[in-house]
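Keep in mind that what you see is a predicted model, and the values were worked out from it rather than measured.
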Amino acid sequence: MAPPPLRGILETAVYVNDLEKAHAFYAGVIGLERMVTGDRLFAYDAGLGETLLVFARGQTAEDTETPGGVIPGHHSEGPAHFAFKIAPEDVEPWRAHLEGSGVAIRSTVIWPAGGTSLYVDDPDGNVVEFAAPALWPNFQE
């Protein structure tokens, strides 16, 4: 029996040592709007129906009781990776913006399908990718 269809990825999470430094990067440099502020996480609008969760490292390993139920504990050691979708014509403007904001481009990759990715590090060493199509078969213009 085939599984029911998925509608995409709702949340992507990274773990950081300093939420305020992460906020300076994700809101100040990247321009994401913070939707939720808490002691252990900030949540950012990452596009229509998509959320970037930035958790304080070490604050989420245990289960968390909420009025609606238990959120299972989760955590990450070391750097994580995720990618923002960008338009092909925005690769160079993103490069200029990041470099102008003091963020070093760690790598640029031209993919066999023709897309381009820019890689940078957030303040905690998480690898943040800015990816323009075509990259994956399901990520086209």
Please test F84 against L32 for side chain to side chain contact (heavy atoms under 4.5 Å, CB included), starting from the C-alpha separation and ending with a verdict.
CA-CA 11 Å; F84 289 112; L32 298 181; 3.8 Å; yes
Quick one: [atom1] on [X] to [atom2] on [Y], what's the gap to the nearest 0.5 Å?
X	Y	atom1	atom2	result
L98	I105	CG	CD1	4.5 Å
Y44	M35	OH	CE	10.5 Å
E92	L118	CD	CG	7.0 Å
E129	T116	CD	OG1	10.5 Å
Y26	F42	OH	CZ	13.0 Å
L53	L10	CG	CG	8.0 Å

Minimum heavy-atom distance [X]-[Y], with the two atoms named:
X	Y	result
R57	G78	NH2-O, 3.3 Å
P123	K21	CG-O, 3.7 Å
S117	A131	OG-CB, 3.7 Å
R34	T37	NE-OG1, 3.1 Å
W111	A134	CB-O, 4.2 Å
A80	V14	CB-CG1, 4.2 Å

Are the side chain of [X] and the backbone N or O of [Y] linked by a donor-acceptor pair below 3.5 Å?
X	Y	result
T60	H74	yes
N17	D124	no
H23	G28	no
D63	G73	yes

Set out, in order, the CA-CA distance, both residues' side-chain angles and the distance that settles side chain to side chain contact (heavy atoms under 4.5 Å, CB included) for V54 and F25, then state yes or no.
CA-CA 11 Å; V54 179; F25 178 77; over 6 Å; no
Taking atom CZ of R40 as the centre, does the number of heavy atoms from other residues, nucleotides or ligands within less than 6.0 Å exceed 12?
yes
Just wondering, more than 12 heavy atoms not from E62 lying within 6.0 Å of its CD?
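At most 12 heavy atoms, drawn from other residues, nucleotides or ligands, come within 6.0 Å of this atom.
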Would [X] and [Y] show up in the same hydrophobic cluster when neighbours are defined by side-chain heavy atoms closer than 4.5 Å?
X	Y	result
Y15	L19	no
V91	L135	no
V103	V16	yes
V109	W94	no

Does any part of the side chain of [Y], heavy atoms only, come nearer than 4.5 Å to the side chain of [X], both counted from C-beta?
X	Y	value
F82	V128	yes
T51	D45	no
V120	F130	yes
D39	Q59	no

For a side chain to side chain contact (heavy atoms under 4.5 Å, CB included) check, start with the C-alpha distance between R95 and T108, then their side-chain angles and the critical distance, and finish with the verdict.
CA-CA 10 Å; R95 181 189 310 278; T108 301; 3.1 Å; yes
Side chains of H81 and Y119 only: does a donor on one sit below 3.5 Å from an acceptor on the other?
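No, because no side-chain N or O of H81 sits under 3.5 Å from a partner of the opposite role on Y119.
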